[in-house]
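Since the structure comes first, as structure tokens, the remarks are kept for the end.
Chain identifiers are assigned alphabetically (A, B, ...) following the order of the sequence lines, protein sequences preceding nucleic acid strands; residue numbering begins at 1 within each chain. Given the structure is predicted, the values throughout are model-derived calculations rather than measurements.
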Amino acid sequence: TTVYTIVIQGLCRAVRPIEAFELFMQMELEGHCSADAMTYNILIHGLCKNSEVGKARLLLKDMIEKGYGPDKYTYNTLISSLCKAGQMAEANRIADEMKANGCPPDIVTWNSLIDGLCKAGHADDAHKFLRHMTGSSTCSPDIISYNSVIAGFCKAGRVDEAMKIFEGMTAWGCPPNVRTYNILAWGFCQSFRVDDARQLFHEMIERGCDPDVVSYNTLIDGLCKTARVDEAYELFRGMLESDIAPSIATYNTLLAGISKSYTLEEVEHLFKDMKKRGCKPDRGTYNIMIHALCEEEEFVEGQRFLQAMIKDGYEPNVVTYNVLVRGLCQALKVDDAYWILQDMAARNCIPD
RNA sequence: UGUUUCUCUCUCUU
């Protein structure tokens, strides 16, 4: 059971939930060992995360029939998935069901609901809930509760209110962590207040909270999007000098950023550099490259990247097709755009 | 005791 469970988890992490499901079936059919509650929970999580909710529901039914009552992990997995899908009413229903079945909702449950509210654009409700928790002795908010609400305000473009919460959280026994700073920096960047984000970057260092790769990526992106690409590049070089390794997101951010003002040669140079440093391009990277090439009407080179993308095992997605179609139409190559649409259909990609 | 909750990057003057 342990070995099967580990492999099932590995497949889920590798975004191969169908294979995980098949392995689960195989395990049950062979009959040497059978799934326990943890196996179910891991698989339900993997399926939910990859929008295979139908299969997840089947598993849940199967789980109950086998006599494994859903536990807090099962409930929290379902609630969090529903929240992420914006199904707040259903999430609350499951939370009630959880209570009714003698499984008291815990901090993970509350945090999932708070985050769901924030992502659905109801940061005020989430904040109210947070304040309610702060006053209660049963379940105090933790750093994740605060981070979610802060992110909710940032997402709504209300970064000053987010800052207010940030300033008050330490007094409630919850000092900010690196994610808190990253969220706020992101919020400032979204509001085009990149200098405030920079300020925060220095502030976190002063307070003994070391910036991580996300902190750098956030600032680099903010600088790029406000046409301060040279400063972004400078920060990137600073990153290389420190002991923080750039991630794929770093390169994708910078590639997208420089492609607006630098030459194609420079963009392709950075792309090669990225590979040289052992960072494998992902689908986003290819989309960025194809976009940059289409903008310059370098469709042959774009085609080359498209092929490389497929060779690397990445199916083109809606973004890829949109970029190609837009580029071709702008170059008045409407027939080619038409064929791209056909290819899209052939690959079972739904146009938007 | 291994499973559940928070942050960054790709379409943008569509």
Side-chain angles (χ1 to χ4, degrees), chain A residues 1-2 5-6 8-9 12-13 36-46 48-49 70-81 83-84 91 98 105-116 118-119 126 141-152 154-155 176-187 189-190 197 211-222 224-225 246-257 259-260 281-292 294-295 309 314 316-327 329-330 352:
Chain A
T1 303
T2 309
T5 303
I6 291 169
I8 286 172
Q9 178 165 33
C12 287
R13 282 203 219 278
D36 60 12
M38 181 168 71
T39 320
Y40 276 102
N41 288 338
I42 289 172
L43 191 51
I44 287 173
H45 180 230
C48 283
K49 230 179 27 190
D71 59 15
K72 61 177 176 179
Y73 293 107
T74 325
Y75 281 119
N76 283 337
T77 301
L78 291 169
I79 290 169
S80 130
S81 307
C83 287
K84 285 194 166 66
M98 183 174 183
D106 58 11
I107 185 70
V108 175
T109 319
W110 303 129
N111 284 344
S112 302
L113 291 169
I114 286 176
D115 196 55
C118 289
K119 299 239 154 91
D142 65 5
I143 181 73
I144 295 180
S145 330
Y146 280 101
N147 286 349
S148 289
V149 176
I150 289 172
C154 287
K155 209 177 141 238
N177 63 10
V178 60
R179 283 194 191 213
T180 318
Y181 284 104
N182 291 346
I183 291 164
L184 284 162
W186 181 86
C189 289
Q190 290 300 304
D212 63 6
V213 58
V214 176
S215 320
Y216 277 96
N217 293 349
T218 304
L219 255 187
I220 290 173
D221 188 49
C224 286
K225 297 215 164 116
S247 63
I248 300 181
T250 316
Y251 285 106
N252 289 352
T253 305
L254 204 56
L255 283 167
S259 66
K260 291 189 187 85
D282 66 5
R283 184 154 56 187
T285 319
Y286 283 111
N287 284 342
I288 292 163
M289 293 305 292
I290 293 167
H291 184 210
C294 284
E295 292 276 277
M309 174 179 186
Y314 299 110
N317 65 2
V318 191
V319 176
T320 322
Y321 285 113
N322 285 348
V323 161
L324 285 166
V325 169
R326 183 189 301 272
C329 285
Q330 275 171 358
D352 66 1

Nearest-Å distance for atom pair NZ/P, residues K119(A) and U5(B): 11 Å
Using atom CG of D106(A) as one end and atom P of C6(B) as the other, report the distance to the nearest whole Å. 14 Å
Restricting to side-chain hydrogen bond (donor to acceptor under 3.5 Å, both in side chains), what partner residues turn up for T320(A), sequence neighbours left out? N287(A), N317(A)
Within this structure, what is the CG-to-P distance between D212(A) and C6(B), rounded to whole angstrom? 16 Å
Between P on C6(B) and CG on N76(A), what's the gap in Å once rounded to a whole number? 12 Å
Tell me every residue that passes side-chain hydrogen bond (donor to acceptor under 3.5 Å, both in side chains) with D221(A), counting only those two or more places apart in sequence or in another chain. K225(A)
What nucleic acid atoms does K155(A) come within less than 4.0 Å of, heavy atoms only: base, sugar-phosphate, or nothing? nothing
Please determine whether side-chain contact (heavy atoms from CB on, under 4.5 Å) holds for the pair S215(A) and Y181(A), giving the CA-CA distance in whole Å, both sets of side-chain angles, and the decisive distance to 0.1 Å. CA-CA 8 Å; S215(A) 320; Y181(A) 284 104; over 6 Å; no
Starting at atom CG of N111(A), determine the distance to atom C1' of U7(B), rounded to an integer number of angstrom. 14 Å
If you check every side-chain atom of M38(A), which of U5(B), U7(B), G2(B) has the closest atom? G2(B)
Starting at NE2 of H45(A) and ending at P of U5(B), how long is that distance when rounded to a whole Å? 4 Å
With E295(A) via side-chain contact (heavy atoms from CB on, under 4.5 Å) - residues at least two apart: H291(A), Q330(A)
Expressed as a whole number of angstroms, how long is the span from D36(A):CG to U1(B):P? 12 Å
I'd like the C1' distance from C10(B) over to U14(B), given in whole Å. 15 Å
Readout for nucleotides 9-14 of chain B: B = base within 4.0 Å of protein heavy atom, S = sugar-phosphate only, - = neither; 5' to 3' it is BBBS-B
Go through the structure and list residues passing side-chain hydrogen bond (donor to acceptor under 3.5 Å, both in side chains) with K155(A), not counting sequence neighbours. none
Take atom NZ of K72(A) and atom P of G2(B), then tell me their distance rounded to the nearest Å. 12 Å
Heavy-atom distance under 4.5 Å between the side chains of C83(A) and L113(A), does that happen here? yes
Can you name the side-chain contact (heavy atoms from CB on, under 4.5 Å) partners of D115(A), sequence neighbours left out? K119(A), S148(A)
